[in-house]
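Values below: all heavy atoms of this structure, side chains included; hydrogens, waters and symmetry mates excluded.
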Amino acid sequence: MSPSGSTVVVLFGLLAAYCDAATMRGGAIRTLQAKSDVPCSQAVRYKVVNDCQWNAERQPTDYPSNAHWSPLCGTTHDSEASLYTLGGTATDGVKLVAETGDCSILEEEVAFCSEGGNCGAFLKFPCDPFSGTCISEGMVDVSEAMPYLSMISMVAPSPDWIVGVDSFGLCKDGVWVAEYEKDLFPLDAGTDGGETFASDDVPLAERVPIVMLVAEEESNEFYNPMSNMIYPLCKISMTLQTS
């Protein structure tokens, strides 16, 4: 889903590209979409790449020496299903990913959703190498019946912080998106009250809504006081495979 902001439409050849931006102290939530001429009635495959650049230069506050990412986990699904939603509360599966990086309960939730006919296969792409700067990538099959993609990965170590893409629809106006690219900012899954990367567990009696961690203040571990801005942690891209 696109963030709020102005929309600029640029036409080039048979493709239409859409760029949305929401400014954050000079940073931005940027998205790019380019349409193909492949009809959504045709099942297709996408290459998904999540390029994470969480490092001590961009996010210097308390940057952990063992910074890394959990596997990028998720599924394709229809409009009735979702993995998580900003403003909603985390499922048990999302909670476990956010707190430990373990995707096992999420996999069970996807399997249950698949049995109901609302989700596709469970997806799990490791981030290589083991560090704050790594790449998760893999192939995803989508169909007209299940054109949405949702995936999450834990910022590790952290209390319950993640990045993710929520229910992005790859079918637009009857054709598949040729390419999609979006900057990913940190999310608080709302299951633990810790405030730093190395915080002890602070379980919450009740889960609170999932929110984006974009506070422009030094209490935000992701805020860069030298640049006076918040940099994205990752950039996810989805590219239609035509051969």
| request: Decide whether Thr61 and Glu221 meet the rule of one side-chain donor and one side-chain acceptor closer than 3.5 Å. | output: no
| note | Taken to the nearest 0.5 Å, the spacing of Lys172 NZ from Ser36 OG works out to 13.0 Å
| message | Counting C-beta onward and ignoring hydrogens, is there a side-chain heavy-atom pair between Tyr180 and Gln33 closer than 4.5 Å? | response | yes
| request: For Tyr84 and Ser150, indicate whether the former's side chain and the latter's backbone hold a donor-acceptor pair under 3.5 Å. | output: no
| Intermediate values then yes/no, side chain to side chain contact (heavy atoms under 4.5 Å, CB included), Thr239 and Glu181 | CA-CA 9 Å; Thr239 307; Glu181 187 177 279; over 6 Å; no
| field | Trace of the side chain to side chain contact (heavy atoms under 4.5 Å, CB included) decision for Trp176 with Asp37 | value | CA-CA 7 Å; Trp176 292 112; Asp37 57 359; over 6 Å; no
| Minimal non-hydrogen separation, Leu83 against Leu106, with atom names | CD1-CD1, 3.5 Å
| task | Start with the C-alpha gap between Thr191 and Glu99, add the side-chain angles, then the distance that decides, and say whether side-chain hydrogen bond (donor to acceptor under 3.5 Å, both in side chains) holds. | result | CA-CA 8 Å; Thr191 63; Glu99 294 181 357; 2.7 Å; yes
| query | Angle class for the Trp54/Phe197 ring planes (parallel below 30°, perpendicular above 60°, tilted otherwise)? | reply | tilted
| request: Starting at CG of Leu72, measure out to CD1 of Ile152 and round the result to the nearest 0.5 Å. | output: 8.5 Å
| message | One pair to check against salt bridge (charged side-chain N to carboxylate O under 4.0 Å, His left out): Asp92 and Arg207. What are the steps and the verdict? | response | CA-CA 10 Å; Asp92 289 345; Arg207 297 174 195 180; 2.7 Å; yes
| Closest approach of Leu204 to Gly190 (non-hydrogen atoms, all atoms of both residues) | CD1-O, 3.5 Å
| query | Do you know which two heavy atoms are closest between Asp192 and Asp201, and how far apart they sit? | reply | OD2-CA, 3.6 Å
| task | Keeping the roles fixed (side chain from Asn224, backbone from Glu57), state whether a donor-acceptor pair exists under 3.5 Å. | result | yes
| CD/Glu109 to SG/Cys73 distance, rounded to the nearest 0.5 angstrom? | 12.0 Å
| query | Is the CD atom of Glu206 crowded by more than 12 outside heavy atoms at less than 6.0 Å? | reply | no
| query | Regarding His77 and Ser82, is there a side-chain donor-to-acceptor distance under 3.5 Å anywhere? | reply | no
| Over 12 foreign heavy atoms within 6.0 Å of CD, Gln241 | yes
| Among side-chain atoms of Glu218 and Asn220, is any donor-acceptor pair under 3.5 angstrom? | no
| Distance-only donor-acceptor check, side chains Asp102 and Ser104, under 3.5 Å | yes
| Which heavy atom in Cys127 sits nearest to a heavy atom in Ser70, and how many Å separate them? | CB-O, 4.4 Å
| Shared ILVMFWY cluster between Leu123 and Val48, side chains joined below 4.5 angstrom? | yes
| task | State whether the side chain of Glu107 and the backbone N or O of Cys103 hold a donor-acceptor pair below 3.5 Å, judged by distance alone. | result | no
| task | Take Gln53 and Arg58 through the test side chain to side chain contact (heavy atoms under 4.5 Å, CB included) and record every step on the way to the result. | result | CA-CA 8 Å; Gln53 296 297 320; Arg58 287 157 60 100; 4.1 Å; yes
| Below 4.5 Å, heavy atoms only, C-beta onward: do Pro157 and Asn66 meet side chain to side chain? | yes
| field | Ile210 and Thr85: CA distance, side-chain angles, deciding distance, side chain to side chain contact (heavy atoms under 4.5 Å, CB included) verdict | value | CA-CA 7 Å; Ile210 298 170; Thr85 304; over 6 Å; no
| note | So CE of Met212 and CZ of Phe185: to nearest 0.5 Å the spacing works out to 7.5 Å
| field | Leu96 side chain near Val94 side chain, heavy-atom distance below 4.5 Å | value | no
| Is the closest side-chain heavy-atom distance between Val155 and Leu233 below 4.5 Å? | yes
| said: Tell me if the centroids of the rings in Tyr148 and Phe168 come within less than 6.0 Å of each other. | reply: no
| Does a side-chain heavy-atom distance below 4.5 Å link Trp69 with Val163? | yes
| message | Evaluate Arg45 against Asp141 for salt bridge (charged side-chain N to carboxylate O under 4.0 Å, His left out), listing each step before the verdict. | response | CA-CA 4 Å; Arg45 173 169 288 185; Asp141 294 318; 2.7 Å; yes
| query | Say you draw a straight line from OG of Ser237 to NZ of Lys182; how long is it, rounded to the nearest 0.5 Å? | reply | 13.5 Å
| message | Please give me the minimum heavy-atom distance between Met238 and Leu170, naming the atom from each residue. | response | SD-CD2, 3.8 Å
| Would you say the side-chain atoms of Thr100 pair up with the backbone N or O of Val97, donor to acceptor, closer than 3.5 Å? | no
| field | same_hphob_cluster(Met146, Leu149) at 4.5 Å side-chain heavy-atom cutoff | value | no
| Quick check: does any side chain N or O of Ser131 sit under 3.5 Å from a backbone N or O of His68, one acting as donor and the other as acceptor? | no
| task | Name all pairs fulfilling the disulfide bond (SG atoms under 2.5 Å apart) condition that reach into residues 214-243, sequence neighbours left out, sorted by first residue then second. | result | Cys52-Cys234
| field | Where Lys47 and Val49 come nearest, the two heavy atoms and their spacing | value | CE-CG2, 3.9 Å
| Side-chain touch Val140/Thr76, heavy atoms, less than 4.5 angstrom | yes
| query | Are the aromatic rings of Phe222 and Trp161 close, with centres under 6.0 Å apart? | reply | yes
| field | Contact check, side chains of Phe130 and Cys134, non-hydrogen atoms, under 4.5 Å | value | no
| message | Does either side chain, that of Tyr223 or that of Asn228, offer a donor lying less than 3.5 Å from an acceptor on the other one? | response | yes
| task | Mind checking the CG-CG spacing from Asp160 to Leu187? Nearest 0.5 Å is all I need. | result | 10.5 Å
